[in-house]
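This is a predicted model, so every value here is computed, not measured. Numbered from 1 within each chain, the chains take letters A, B, ... in sequence-line order.
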Amino acid sequence: MNVLPKGVRHVPSCLDPAAQKALLEDIRAVVAEAPLFQPVMPRTGKPLSVRMTNCGSLGWVADRNGYRYQPTHPVTGKSWPAMPERLFSLWDEIAGHDAPPEACLVNFYDETAKMGMHQDKDEADFAAPVVSISLGDDCRFRVGETTRGGRTTSLRLASGDVVVLGGEGRLAYHGVDRIYPATSALLKNGGRLNLTLRRVTKA
DNA sequence: AAGTTTCT
DNA sequence: AATG
């Protein structure tokens with residue numbers, strides 16, 4: 001039996017199709033104002049396979065200088081677009097944490113994109129959970145423990161699913177093994193959007 | 001290694 | 001190092 005690590009919660013079909021469409025429209029507006037950019041690995045400059053943008057007061061970026069949160073888009077230099085109201089609402093319903101999210105990282109996966117196993121640890125406070133929302137094509141999501149090399153389990157995530165990494169699961173290693181092309185009609189040109197809500201600073 | 005490749 |  002593949003049981004999820006402690007503190008890792010999968011909420012299948014958390015968003016119904018209407019809610020997914022509404023959220024997608026919000027994200028389209030975000031991307032129109034803050035275009036997807038190509039993150040690269042620190043030091044090596046090797047590009048990640050996902051493209052990304054953010055909304056909220058802070059956004060996560062990756063460039064030759066490292067990983068960090070910053071208030072502006074790395075290409076346009078403008079402030080990130082405001083966090084859509086429905087993301088604050090979703091956080092209130094699901095996170096079990098008083099302070100509101102400060103960052104929403106928007107990752108776009110085309111059919112070839114993957115994400116290696118990693119921890120979300122660039123935040124100053126791990127008390128708040130990480131809330132992850134899937135839109136579009138299915139993916140295989142892998143979750144491990146707080147240390148590399150521990151046991152991992154995988155689950156298939158579909159559009160509208162939400163995953164929460166909180167408590168003991170807050171620093172669980174996780175990644176995306178693969179995208180299952182053409183498994184959702186939500187995104188007309190295919191692919192998968194993942195929205196990650198995080199608190200960055202100490203509340 | 002938030003990568004890429006490889007194989008018990 | 002996992003073994004997706």
Only counting residues at least two apart or in another chain, list the ones meeting side-chain hydrogen bond (donor to acceptor under 3.5 Å, both in side chains) with Q119(A). Y173(A)

Each residue besides V40(A) in its hydrophobic cluster should be listed here, by chain and number; the cluster joins Ile, Leu, Val, Met, Phe, Trp and Tyr at side-chain heavy-atom distances under 4.5 Å. none

Rounded distance in Å between the C1' positions of dA1(C) and dT4(B): 13 Å

Just the rounded figure in Å: distance from C1' of dA2(C) to OH of Y173(A). 13 Å

Scan the side chains in residues 101-116 of chain A for donor-acceptor partners under 3.5 Å anywhere in the protein, sequence neighbours excluded, and list what turns up.
unit_1, atom_1, unit_2, atom_2, d
E102(A), OE1, V200(A), N, 2.5
E102(A), OE1, T201(A), N, 2.7
E102(A), OE1, T201(A), OG1, 3.3
E102(A), OE2, T201(A), OG1, 2.7
D110(A), OD1, T112(A), N, 2.8
D110(A), OD1, T112(A), OG1, 2.8
D110(A), OD1, A113(A), N, 3.0

Spacing between R43(A) atom CZ and dT4(B) atom C1', to the nearest angstrom: 18 Å

I need the CG-P distance between L157(A) and dG4(C), as an integer number of Å. 17 Å

Report the distance from atom NZ of K114(A) to atom C1' of dT6(B), rounded to the nearest whole Å. 13 Å

Tell me the interatomic distance from K46(A), atom NZ, to dG3(B), atom P, rounded to whole angstroms. 11 Å

How would you label the contact of T44(A) with the nucleic acid (heavy atoms, under 4.0 Å): base, sugar-phosphate, or nothing? nothing

Please list, by residue number, the residues of residues 119-148 of chain A whose heavy atoms come closer than 4.0 Å to an atom of DNA chain B; answer none if no residue qualifies. D122(A), R148(A)

Check: H73(A) and V61(A) side chains under 4.5 Å, non-hydrogen atoms: no

Take atom CZ of R178(A) and atom P of dA2(B), then tell me their distance rounded to the nearest Å. 22 Å

With a 4.5 Å cut-off on side-chain heavy atoms, are R192(A) and Y180(A) touching? no

Within residues 23-38 of chain A or reaching into it, pairs that qualify as side-chain hydrogen bond (donor to acceptor under 3.5 Å, both in side chains) - sequence neighbours excluded: E25(A)-R28(A), D26(A)-R86(A)

Let me know the distance between CG of L48(A) and C1' of dA1(B), rounded to the nearest Å. 9 Å

Whole-Å distance separating the NE2 atom of H118(A) from the P atom of dA2(B): 7 Å

Among dG3(B), dA2(C), dG4(C), which is the nearest nucleotide to the side chain of M41(A)? dG3(B)

Out of dA2(B), dA2(C), dG4(C), which has the shortest distance to the side chain of D177(A)? dG4(C)

Which residue pairs satisfy the side-chain hydrogen bond (donor to acceptor under 3.5 Å, both in side chains) criterion with at least one member in residues 89-99 of chain A, sequence neighbours excluded? none

